[in-house]
Structures are given as C-alpha cells and as structure tokens.
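Reading through the structure tokens given below for one structure.
We name chains A, B, ... by the order of the sequence lines, and we start the count at 1 in each one. As the structure is a computational prediction, the values presented were derived from the model and not from experiment.
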2 protein chains.
Amino acid sequence: MTTDGRLARGARTRTAILDAAVALATEAGLDGLSLGQLAETLGVSKSGLFAHWRSKEELQLATIERAREQWSEQVIAPALRVPRGIRRLWALHEARLDFYAAAVLPGGCFFGNAEFEYNARSGPVRDRLAEALTEWIAFVERLGAEAIAAGELEPDVDVRQLAYEFEAFGLNAALRSRLLAPESAYVFARRAVLDRLRALCTDPTLLPEDSR
Amino acid sequence: MTTDGRLARGARTRTAILDAAVALATEAGLDGLSLGQLAETLGVSKSGLFAHWRSKEELQLATIERAREQWSEQVIAPALRVPRGIRRLWALHEARLDFYAAAVLPGGCFFGNAEFEYNARSGPVRDRLAEALTEWIAFVERLGAEAIAAGELEPDVDVRQLAYEFEAFGLNAALRSRLLAPESAYVFARRAVLDRLRALCTDPTLLPEDSR
DNA sequence: ACAAAGAGCACGATCGGTCGGTTTGTTTGT
DNA sequence: ACAAACAAACCGACCGATCGTGCTCTTTGT
C-alpha cells in the first residue's frame with residue numbers, strides 16, 4: 001500500500017479490477033456496469049481501464065471468466081471435497097446457497113442476473129453466458145450420473161431433468177432473495193432439493209435431517 | 001387512423017402507451033426502458049409522455065399495473081375457467097408457459113425480468129414488484145388449498161412450498177427460454193410440474209398423459 | 001372559448017470511448 | 001555499475017450520443 005491508501009502499482013492487477021467488476025455487475029447488471037463507477041471504486045482513471053481491454057464488451061467477457069473462477073473456487077470445489085454420490089449433490093446445492101447468502105455479493109447471483117439481462121439479446125456476451133449455463137447443467141447432470149453409478153440414486157432417474165430442477169430452485173433462491181420475505185427463499189430452496197433427493201435416493205440416511 | 005399511419009388522436013390512450021411500454025420493458029428491462037424509444041414507437045414526442053405521468057418512475061409503476069392486467073387476462077382467467085382442483089393448478093401452469101411462448105413478448109417474462117433488475121434495489125418500484133410477487137405466490141397457494149379441499153391433493157401437502165416450487169419452474173422457463181436449447185426450458189418445466197402434481201394428487205387420471 | 005394533448009427545443013447529467021502526455025518498472029548496451 | 005531505451009500502466013481532458021426532464025407554443029376536440 002502507498003501512503004495515500006491506494007493500491008500500490010502492480011497490485012492493481014487485472015484480477016483486482018475484475019473482482020470489483022464482478023461485484024458491481026452483480027448489483028447493477030453486466031450492461032448496467034458503469035466504467036466510470038468501476039474506475040472510481042478502484043481509484044483509477046476511466047481511460048486506464050482501456051489499457052487492459054479495448055472495449056466494454058471485452059471487459060464484460062473477462063468479467064464473466066472471473067466470475068466463473070469464483071464459482072469454481074467457492075461452489076464447485078467444496079462439493080468436490082465430498083465423496084461422490086448423493087452427498088456430493090447435496091453439498092453442491094448447499095455451497096451454492098451459502099455463496100448467495102454471503103454478504104460479499106449482496107446483489108444475488110452474477111450469472112442469474114446476467115442471463116436474465118441477455119436472454120433476449122445476441123452477440124458474444126450472450127453466447128458465452130449460454131455456453132457457461134450449458135456447461136453448468138452438464139456438470140450437475142454428471143454428479144447425478146455418478147450418484148446412480150454409486151448406487152445411491154434410483155437408476156431410472158432422469159438426471160438431466162433433475163439437474164434442470166435443481167437449477168430452477170437455485171435460480172429462484174438467488175433472484176427472490178431480497179423480494180420475498182428475508183431468507184425464506186433459501187429455506188424453500190433447501191427443502192425442495194432435500195425432498196427431491198430423499199424421494200429419489202436409495203438410502204435416505206445419507207441425507208441430513210429435515211430439521212431446518 | 002390518420003393518413004400518415006399514426007394513431008388517431010384519442011386512440012393514443014394511456015392503455016395503448018402502456019401496452020407498448022410493457023413490450024419494450026420486457027425486452028430492455030424496466031429501467032432500460034427508454035422514453036425516447038417508447039415515444040418513437042408510438043409516433044409521439046417524448047415530452048407528450050409527461051402529460052400522462054410526471055416522471056419515468058410513475059410510468060414504470062403504471063406499466064407494472066398494466067402488465068398485471070395482461071397477466072390476469074391471459075394467465076389467470078383461462079385457469080379460472082377450469083374446475084377448481086388439480087386440473088386448475090395444471091391449467092394455470094400451462095397458461096403461464098403458453099404466455100411465455102407467445103411471440104408477443106419475445107423477451108421472456110416481464111415480471112421475472114423486472115424482479116431480477118430490482119432485487120438489490122429499493123424504492124416504490126421495488127416495493128410494488130415485491131408486493132405483486134407475494135400476491136401471486138399467495139394465489140397459487142390458494143389454488144393448492146382448493147385442491148386439497150376438493151380431495152384431489154393429499155391433505156398433508158405444504159401448499160406454500162408447492163407454490164414456491166411451481167414459481168421456480170415457471171421463472172426458470174421464462175429466463176432460460178432463449179439461453180438453453182430452444183423449447184427445452186418449457187419441456188422441462190412441464191415435466192417438472194406434472195411429475196410433482198402426479199406424485200401428490202389422489203387421482204392421477206385427472207392429469208394429462210406424459211406424452212409430450 | 002377553453003382545456004387538454006402534443007410538438008419542438010434546450011438543459012444538465014451520464015454514458016462509452018479517444019487522444020496526448022506522464023510516470024514507472026524492466027531490459028539492454030556499454 | 002550505470003544510464004539510455006523501451007513498453008506497459010496510468011492520468012486528465014475531451015468528444016458525440018443518449019438519457020430523463022422542464023419549458024413554451026401550437027393543435028385539436030368539445
């Protein structure tokens with residue numbers, strides 16, 4: 001740190017900029033993200049941002065990649081530390097809700113917000129978001145297939161349908177976290193997934209109690 | 001109509017303006033709605049809009065009310081023509097998906113988009129959106145209670161939880177209608193609700209086949 | 001004649017983006 | 001070892017476009 005409190009030279013890296021961009025875009029939207037506000041937050045001039053990215057669109061794409069990294073570290077990684085099967089599926093959903101509940105990003109879900117924004121549009125940003133969503137669904141689907149292979153999920157379960165339903169619950173929790181009564185969105189999302197897993201699994205003792 | 005193709009005087013009513021506002025806001029967002037674009041679409045000068053509403057915020061609130069009217073006419077009313085019980089619940093969900101699929105509003109769901117936009121904000125618009133969402137959830141909950149009273153739904157079903165889950169499926173279908181593979185979002189939403197109703201109802205013959 | 005609806009224009013603010021110049025850290029030549 | 005050379009990082013000022021909004025004047029229906 002320098003004496004004036006600003007970041008020292010070199011510490012003002014692309015990653016630091018993108019972390020701030022993710023936070024701002026989560027609240028204001030990926031398009032509503034203001035380069036002026038972002039620069040001001042970082043204590044950097046607006047034109048300085050254009051030294052790293054040639055246009056706002058390039059910065060948006062880089063912001064998406066950074067948000068994916070955060071998602072991998074804070075949602076996917078904790079779930080992968082749990083043995084594969086039903087419990088990993090549940091851990092993934094729990095990590096997701098915890099990620100939303102964390103006060104770091106009070107605006108809900110970066111990807112949910114961005115996907116809503118770009119649902120009816122076209123261009124590279126929309127394509128990247130659609131690609132990320134498809135990959136995410138496929139990942140959850142794979143965890144479901146692993147649970148079947150482990151004999152913890154009924155073999156006739158449609159894992160793609162299951163992944164879609166989990167996604168719906170997670171998205172709804174992120175979206176309505178502020179609009180519905182506080183926390184109730186998370187409680188409903190927990191119960192919905194837990195009920196669904198309990199109905200489809202071969203050994204209910206692998207799942208936690210429904211106490212919450 | 002006048003000879004230049006514009007709307008005749010008096011036909012340029014508040015309702016006509018608000019219908020256009022709903023359509024534009026569904027695509028661009030309630031905040032991204034441009035008064036200039038709206039005026040141009042209607043063949044009206046921008047300042048003419050301020051004869052009806054004193055500010056953009058007032059117009060946004062009026063737009064929300066108009067969207068609620070459309071929702072009542074095109075989603076709620078068709079369901080209420082079906083006898084109360086399981087079939088009405090299913091009819092409501094089908095009418096909702098049909099409403100999304102209609103090409104009139106290709107931008108997805110007006111309310112879903114607006115709720116996403118205002119999830120992390122405050123003010124009268126946010127409050128009105130939250131109120132509308134609460135009322136909607138309560139309405140679906142009431143249909144569930146009616147189905148229990150009619151003996152068509154298991155009496156121990158948590159109708160509030162059920163309403164929440166249906167909302168999650170509907171929202172996800174609206175959001176991802178363009179991002180996921182075409183139509184697949186609707187197919188998943190249909191199956192999810194149908195499976196859920198089939199598991200909880202007392203007489204499965206009341207529900208349609210799972211052929212689709 | 002009168003009131004409402006609308007047109008036209010101008011305003012301040014903010015947006016993404018550009019340009020020229022300055023600072024800084026690293027590399028290279030000797 | 002030391003300074004010249006270079007490229008990346010960064011700043012302040014500025015541009016054109018668009019935004020919401022207020023003002024004045026004209027048109028129109030009753």
**Report entry** C/dC15 OP1/OP2 closer than 4.0 Å to side-chain N/O of A/S34
**Finding:** yes

Report summary line: B/E57 CD to D/dC19 C1', in whole Å, measures 16 Å

Requested in this report: Find the distance A/F50:CZ to D/dG12:C1' and express it as a whole number of Å.
Outcome: 15 Å

Report task. Name the closest nucleotide to the A/S45 side chain, picking from D/dC11, D/dG20, C/dG16. Result -> D/dC11

Query raised in the report: Whole Å only: how far is the CZ atom of B/R14 from the C1' atom of C/dA4?
Result: 13 Å

Query raised in the report: For A/R54 and C/dC19, what is the distance between atoms CZ and P respectively, to the nearest whole Å?
Result: 14 Å

Query raised in the report: NA contact type, B/L49, heavy-atom cut-off 4.0 Å: base, sugar-phosphate, or nothing?
Result: nothing

Query - Donor-acceptor pair between A/N113 and B/E117 side chains, under 3.5 angstrom - result: no

Query raised in the report: Roughly how many Å is it from CD in B/E58 to C1' in D/dG22, rounded to a whole number?
Result: 15 Å

**Report entry** Euclidean distance, atom CD1 of residue B/I17 to atom C1' of C/dA4 [Å, nearest integer]
**Finding:** 13 Å

Query raised in the report: Is there a donor and acceptor pair, one atom on the side chain of A/K56 and one on the base of C/dG17, closer than 3.5 Å?
Result: no

Query raised in the report: More than 12 heavy atoms of other residues, nucleotides or ligands under 6.0 Å from CZ of B/R87: is that the case?
Result: no

Report task. Report yes if a side-chain nitrogen or oxygen of B/H52 is closer than 4.0 Å to either non-bridging phosphate oxygen (OP1 or OP2) of C/dA4; otherwise report no. Result -> no

Report summary line: With the side chain defined as heavy atoms from C-beta on, A/K46 is closest, among C/dG17, C/dC9, D/dA9, to C/dG17

Query - Whole angstrom value for the distance that separates P of C/dT18 from CH2 of A/W53 - result: 16 Å

Query - Closest non-hydrogen atom pair, A/A101 against A/Y186 - result: N-OH, 3.6 Å

Requested in this report: Answer yes or no: side-chain N or O of A/S55 and base N or O of C/dG17 forming a donor-acceptor pair under 3.5 Å.
Outcome: no

Query raised in the report: With a 4.0 Å cut-off on heavy atoms, is A/L33 in touch with a base, just the backbone sugar-phosphate, or nothing at all?
Result: sugar-phosphate

Report task. Report the distance from atom CG of A/L38 to atom P of C/dT14, rounded to the nearest whole Å. Result -> 17 Å

Requested in this report: Select from A/S47 and B/G48 the residue whose nearest nucleotide in DNA chain C is closer to the 5' end of that strand.
Outcome: B/G48

Query raised in the report: Can we say A/E167 and B/R176 salt-bridge, meaning some charged N sits less than 4.0 Å from an Asp/Glu carboxylate O?
Result: yes

Query raised in the report: Which nucleotide, D/dG20, D/dC23, C/dG16, lies nearest any side-chain atom of B/L35?
Result: D/dG20

Report task. Side-chain contact test, heavy atoms from C-beta onward, threshold under 4.5 Å: evaluate it for B/F139 versus B/T134 and give yes or no. Result -> no

